[in-house]
Structures are given as structure tokens and as C-alpha cells.
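The residues of the chain are indexed from 1 along the displayed sequence. Note that the structure is a prediction, hence the values are computed from the model and not measured.
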Amino acid sequence: VAIDSLLDTSAESVTSIPVVLRDGIFYPIKVEYVHSTDEANIQLIWESSSVSRQIVPSSVLYYTRHIGGSSPSPFSVHVAPGEIDIHNHAEGSGLTTCVALEECSFTIQTKDPNRNNRYNDGSDPGFEISIGGSGGWAGEGRINSVVSSSQVEISGAVTSNDWKYIGDADVTHLSDRIVSKTSFVGTVLRGDRIVVDGTMYTVSSTGTFDATSVPLFRYLGPSKTGVSVYKGSKSCMSG
């Protein structure tokens, strides 16, 4: 506690104490006050040898978990997706404009129950794609001169979206690195996106990066051995 003065005070009362703050370091702050009578008034003021006395500006105050906006939090917020939800998302021209004799496609983005994107090599949950005709011969169930009683259906092939398998690694919950079975040096660089056991991470700009150690901000998944690691595209946001 820097200041402990919950006494009967007026709007003109000032309570202060010297504290040491270092540039570039974030300090947690909590302000509480009591009010008795008349108009309520409180201000948080600072001054130093280089800063004249003033109200602490909002530009130096942050929410610990606030994301985005004009003053985003300087603290990294990492989300580890959960199990797949029954509601997912698909987009692409192949959903509505595909015609005979043309190859078409669409992208499925799997989500967890909290609508976080899930990332994997396409094997989870093992989609079985069936495409049915909605009009014309396909809708009528006609293939050349043969007409059936139901629409024409075809099976689609599922492939991963810009993924590259780079090896296996041992992982420890909340560790700042993964231990690779083979060297990832040269295959991935600091700042690259990698997918470890189905969750997207970024190779850290700091920490030891060598033949067996790949630095991360923090591994959020459970401790395991021999999990698959993939290199993902920096521009690809789907799994």
C-alpha cells in the first residue's frame, strides 16, 4: 500500500507519498476512496523532476486484459482453443457457384464453443464432405440420360490450408519453450506462426532457439510428449 489515508477529508485535501517508478515498466494500481458529505471529488495526480504537477493522463493507464481500442493493453493475451463446437463456419465460391466440369472449393473454419478459431492439419474432426445438387440436372438427380429419384451427391476431398509438418516436440504446460525431437532451425524463424498440438503460437523474438529448443511466449496446453508441430502461413487465419 503506497497511501493509506481513508480519513474524513474534504475536496481540498491532498495526500501524497514519494514512490519510485521506472520508465518502461508497468505497475499495477488500485485506487479506493470514501465520501462523507457535499460533492464527491477525487483526482489522481503525479509530479516529478521532469513532469510538472498534473492529473495522471489516461494515455499511461491500461486495463490488464483490455484488447484493442485507442489504448490497447500492452500485455499479451493468448487464447488456447477448446474442443470443437457443433457450429462452425464455411466460406468460398464452391458453396454456391460451383458448376459441372469445374474444380471448386470452400474453406471450413472450425470453432470452439466460445467461438475461438481452432487450428489443425485438417484431420480433426475428420470432416466427411457430401455435396448435393440444388438445381438443374444435379437437383433432378440426372446424370446424362439416367435420372434417379434424389439429387446428385458427390464426396469432397479435405486438405489442410497452407500447412507444413515440421516434426514432433515435447511440451510442458506454461513453459516458455518446446523441446523439438529434430532441429527446427532454418525451417522456422523467430516471428513465424507454428501450430503445436492444435493451437497457434508465435516463435518468440527472445529466448534460446537452437537444435532442440524453440522459444514461445508461453505454452498453454497440457504437458505431453511427441506432439505434432506444423508451420502455418502468416497470412492464413483458418485451420
Trainee: Check whether the ring centres of Y201 and Y219 lie less than 6.0 Å apart, and answer yes or no.
Mentor: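 Judged by ring-centre distance (under 6.0 Å), Y201 and Y219 do meet the cut-off.
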
Trainee: Where do K224 and D197 come nearest, in terms of heavy atoms and distance?
Mentor: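 Here K224 and D197 meet closest at NZ-OD2, 2.9 Å.
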
Trainee: Looking at CD1 of I166 and OG of S228, how far apart are the two atoms once the value is rounded to the nearest 0.5 Å?
Mentor: 10.5 Å

Trainee: Got L216 and T202 here, is their nearest side-chain heavy-atom distance under 4.5 Å?
Mentor: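 The answer is no; the side chains never approach within 4.5 Å.
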
Trainee: Is the backbone of L220 close enough, under 3.5 Å, to the side chain of H173 for a donor and an acceptor to pair up by distance?
Mentor: yes

Trainee: With sequence neighbours excluded, tell me which residues meet side-chain contact (heavy atoms from CB on, under 4.5 Å) with V146.
Mentor: none

Trainee: Heavy atoms only: give me the nearest R190-P215 pair and the separation to one decimal.
Mentor: NH1-CG, 3.7 Å

Trainee: Would you please name every residue forming a salt bridge (charged side-chain N to carboxylate O under 4.0 Å, His left out) with D210, sequence neighbours left out?
Mentor: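 Partners of D210 by the salt bridge (charged side-chain N to carboxylate O under 4.0 Å, His left out) criterion come out as none, since no residue qualifies.
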
Trainee: Going through the distances and angles, do R115 and H87 end up as a side chain to side chain contact (heavy atoms under 4.5 Å, CB included)?
Mentor: CA-CA 9 Å; R115 311 311 295 158; H87 300 289; 4.0 Å; yes

Trainee: Listed by chain and number, what are the side-chain contact (heavy atoms from CB on, under 4.5 Å) partners of Q43, not counting sequence neighbours?
Mentor: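 Listed in chain order: N41, I45, I55.
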
Trainee: In chain order, what residues pass the ring pair (Phe, Tyr, Trp, His ring centres under 6.0 Å) check against F184, with sequence neighbours excluded?
Mentor: none

Trainee: Could you walk me through whether I84 and D112 pass the side chain to side chain contact (heavy atoms under 4.5 Å, CB included) check?
Mentor: CA-CA 5 Å; I84 189 171; D112 72 6; over 6 Å; no

Trainee: Any chance you could lay out the side chain to side chain contact (heavy atoms under 4.5 Å, CB included) test for L189 and V203, step after step, and finish with the verdict?
Mentor: CA-CA 7 Å; L189 304 174; V203 179; over 6 Å; no

Trainee: Within the structure provided, determine whether V227 and V196 are in side-chain contact (heavy-atom separation under 4.5 Å).
Mentor: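 They are in side-chain contact.
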
Trainee: In chain order, what residues pass the side chain to side chain donor-acceptor pair (under 3.5 Å) check against S204, with sequence neighbours excluded?
Mentor: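 Partners of S204 by the side chain to side chain donor-acceptor pair (under 3.5 Å) criterion, ordered by chain and then number, come out as T206.
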
Trainee: Is there a donor-acceptor pair under 3.5 Å between the side chain of N114 and the backbone N or O of N116?
Mentor: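 Not a single qualifying donor-acceptor pair exists.
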
Trainee: Could you state the interatomic distance from NE2 (H89) to NZ (K111), rounded to the nearest 0.5 Å?
Mentor: 7.0 Å

Trainee: Using the test side-chain contact (heavy atoms from CB on, under 4.5 Å), find all partners of P113 that sit at least two apart in sequence or belong to another chain.
Mentor: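 Checked P113 against side-chain contact (heavy atoms from CB on, under 4.5 Å); matches are D85.
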
Trainee: Restricting to side-chain contact (heavy atoms from CB on, under 4.5 Å), what partner residues turn up for S148, sequence neighbours left out?
Mentor: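 Once residues adjacent in sequence are excluded, the partners of S148 under the side-chain contact (heavy atoms from CB on, under 4.5 Å) criterion are S150.
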
Trainee: With sequence neighbours left out, which residue pairs that include part of residues 14-26 fulfil the salt bridge (charged side-chain N to carboxylate O under 4.0 Å, His left out) condition?
Mentor: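 Applying salt bridge (charged side-chain N to carboxylate O under 4.0 Å, His left out) to every pair that reaches into residues 14-26, excluding sequence neighbours, yields nothing.
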
Trainee: Give every residue pair that meets the salt bridge (charged side-chain N to carboxylate O under 4.0 Å, His left out) criterion with at least one member in residues 165-174, sequence neighbours excluded.
Mentor: D170-K181

Trainee: Let me see the working for Y27 and I25 under side chain to side chain contact (heavy atoms under 4.5 Å, CB included), right down to the final yes or no.
Mentor: CA-CA 7 Å; Y27 296 88; I25 298 179; 3.8 Å; yes

Trainee: Locate the shortest heavy-atom distance separating S180 from A211; write the atom from each residue and the value.
Mentor: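 So the minimum-distance heavy-atom pair works out to OG-O, 3.2 Å.
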
Trainee: Any chance you could measure R53, atom CZ, to S48, atom OG, to the nearest 0.5 Å?
Mentor: 13.0 Å

Trainee: Side-chain heavy atoms under 4.5 angstrom apart, residues restricted to Ile, Leu, Val, Met, Phe, Trp, Tyr: same cluster for V179 and L174?
Mentor: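 Each belongs to a different hydrophobic cluster.
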
Trainee: Counting only N and O atoms by type, is there a donor-acceptor contact under 3.5 Å from the side chain of K164 to the main-chain atoms of Y230?
Mentor: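 Absent.
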
Trainee: Does D176 have any side chain to side chain donor-acceptor pair (under 3.5 Å) partners at least two apart in sequence or in another chain, and if so, which?
Mentor: none

Trainee: Please name all residues satisfying ring pair (Phe, Tyr, Trp, His ring centres under 6.0 Å) with F106, sequence neighbours left out, ordered by chain then number.
Mentor: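 F106 satisfies ring pair (Phe, Tyr, Trp, His ring centres under 6.0 Å) with no other residue.
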
Trainee: Checking S213 side chain against F209 main chain: does a donor-acceptor pair fall under 3.5 Å?
Mentor: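 It does not hold such a pair.
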
Trainee: For R142, check salt bridge (charged side-chain N to carboxylate O under 4.0 Å, His left out) against everything at least two apart and list the hits.
Mentor: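 Residues passing salt bridge (charged side-chain N to carboxylate O under 4.0 Å, His left out) with R142: none at all.
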
Trainee: Do the side chains of I178 and I194 get nearer than 4.5 Å, heavy atoms only?
Mentor: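 Touching, per the 4.5 Å side-chain cut-off.
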
